[in-house]
Amino acid sequence: MTIQRPRGTRDFLPEDAWTRSTARKIMQGVLERWGYQEVSTPTFEHLELFTLKSGPSVIEEIYSFKDKGGRDLALRPELTAPVMRMYVNELQNVAKPLRLYYFGNCFRYERPQRGRFREFWQLGAEIIGGNKPDSEAEAIALVDQVLRNINISGEIHVGYLGIIRTILARIAPEHRPQVMRMIDKKERENLEAYLNEIGADGLGLRELINLKGKDALDKAFSIVEDLGAAEAPAPCVVSPGGAEPSHVTASPSSSERGRTARAGREVAAELGLDEFRQTIELLDSYGVNYTVDFEIVRGLEYYSGTVFEIYAHGLGAQRQICGGGTYELCRLFGGAETSSTGFGLGFDRIMEVIQLDAKRKAPAVLVYTPDVKKAAVRIAKDLRERIPLVIDVMGRGFGAQMKNAANLRAEYVILVGKNELDSGNLTLRDMKSGTQESLPLEEIAKRLAEKYSCA
RNA sequence: GCCGGGAUAGGGUAGUGGUUAUCCUGAGAGACUGUGGAUCUCUCGAGCUGGGUUCGAAUCCCGGUCCCGGCCCCA
């Protein structure tokens, strides 16, 4: 019996690995052109980093362990928390905004299924300390561009949490997590029944989450105007999984507590709905195709403004390939509060649907007669300064080397034997056409370098 | 954690309780020490695992592992 891979992990064979790294390079190219700098953090962190962000219930889904010094550690289940930890630890004093991106493997203890593994890769970006609408539009436009560059089309759904938080404030705190969960899970009937049961229908919540597409924003304004007529208690915070948050995030409007009966426009301003409108308008300027969708809530308390998700077609049950939004995490990790906008892309799900035009080019092959092996090795070493090239290490004869070169799908073969060494020119063979030319080494290197540069 | 379907050479597969477990592909050697993916010959290589039923199990039954699809969850 051979040793198997651990459950939920994968091997990437050469072809897969090439596709993955090619796609990653294309995506990183876009991020670099938008001025984002790559960062990288440890594969494991203190468990507390993740429970602080997502609540103690995440321990169930995390690979955690005690090390030999008795420390509680965890393989990272995501990368936003580590990156923000790094920011708080080491980058708080650099000029804002800070544009960072990351690519790395993450680990979750979950039941594997399509598009879900125990070791998976995330690529994401964070823009720290920017002006909210501008940052939000940039983040969404950026991820849109990243996906375009690898020929992935997805539906971008953009939502906004300000209004929902305000409506939730009119519901008793013990009911809030459940309501939020039902919205997130799109359980409409359950939600309706539950709202009736707790006497919270008529707050405009159902109307709000049904708003989709072009007119959604205007209609949201009118719902907010209706809200303005009623008393507006303090906005609330919802904790994940019903856990009690020990780290309540300050809401922008908490100082407004107690004020009553305001005009709708004022409420809208206070909720940042005008800011959301700016975000939307900037998205139009960027030329992004999106749908306004107030049903996107991303059930987590640290999201504070615009939130968005992207869904790909042809992926089965796990079709979300991107999630992001504006959040407040710095204070939670012991830093000065700074709002950030970011997104994470599920790299593996993207790899399930990606179609790349390019294919890996096979290296050139240097075929030699066994009597000139030592000279052939020196020539190969020179050529490798410029082009990918392999040489026989099996002790094969000339004919067998040719056969092997053909099997490798090599497009070019360089022939070296006594004739070549005597004449000072090498023979370059084009394997497709079968034509051969006698050329100096330098000329061959130059020609092939061109062929391989546009790979 | 739950439901359903699977697992046979490196990859893809056939077989139905009973001889030496099929076929394709792959890999290595040779025919062939200066010219190709062909051909021929030879070689390598397999019933996930542990129990049970049976004279006999790759085949039937049970447990486990892993894979696939879905549920739960999804930072």
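Quick note on labels: first sequence line is chain A, next is B, and so on, each numbered from 1. Heavy-atom basis, side chains included; hydrogens, waters and symmetry copies ignored.
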What nucleotide among [options] has an atom nearest to a side-chain atom of [X]?
| X | options | value |
| --- | --- | --- |
| A:T427 | B:A75, B:G34, B:U39 | B:G34 |
| A:R111 | B:G34, B:A75, B:C2 | B:C2 |
| A:F398 | B:U35, B:G36, B:G28 | B:U35 |
| A:I62 | B:G28, B:A75, B:G69 | B:A75 |

Within less than 4.0 Å of OP1 or OP2 of [N], is there a side-chain N or O belonging to [X]?
| X | N | result |
| --- | --- | --- |
| A:R7 | B:C67 | yes |
| A:K185 | B:C73 | yes |
| A:R429 | B:G34 | no |

Tell me which of A:E110 and A:A410 sits closer to the 5' end of RNA chain B, going by the nucleotide each one is nearest to.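 By nearest-heavy-atom nucleotide position, the 5'-most residue is A:A410.
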Mind checking if A:G434 touches a base, just sugar-phosphate, or nothing, with heavy atoms under 4.0 Å?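 Result for A:G434 = base.
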Counting any heavy atom closer than 4.0 Å, what does A:G8 reach on the DNA or RNA strands: base, sugar-phosphate only, or nothing?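 Sugar-phosphate, backbone atoms only, no base.
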Under a 3.5 Å threshold, yes or no: a donor from one side chain and an acceptor from the other, between A:T326 and A:T341?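 Yes, A:T341 and A:T326 have a side-chain donor paired with an acceptor closer than 3.5 Å.
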What about A:R116, does its side chain sit under 3.5 Å from the base of B:C74 through a donor-acceptor pair?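 Counting by modelled atom types and ignoring angles, a donor-acceptor contact under 3.5 Å is found here.
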Would the base of B:U35 count as contacting A:Q436 through its side chain, where contact means a donor and an acceptor less than 3.5 Å apart?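 Flag set: donor-acceptor pair detected.
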Could you check if the base of B:G70 is syn or anti? Syn means the glycosidic torsion is within 90 degrees of 0.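 Here B:G70 takes the anti form, which means its glycosidic angle is more than 90° from 0.
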Over-ring placement of A:R20 relative to A:F12, 6.0 Å and 45° cut-offs: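 Yes; both conditions hold, so A:R20 lies above the ring face of A:F12.
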For the residue pair A:R76 and A:F44, would you count it as a cation-pi contact if the rule is NZ or CZ under 6.0 angstrom from the ring centre and within 45 degrees of the ring axis?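 Here A:R76 fails the 6.0 Å and 45° test against A:F44.
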From the options A:F120, A:W121, A:F103, select the one residue that forms a ring pair (Phe, Tyr, Trp, His ring centres under 6.0 Å) with A:F347.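 For A:F347, the ring pair (Phe, Tyr, Trp, His ring centres under 6.0 Å) check succeeds only for A:F103.
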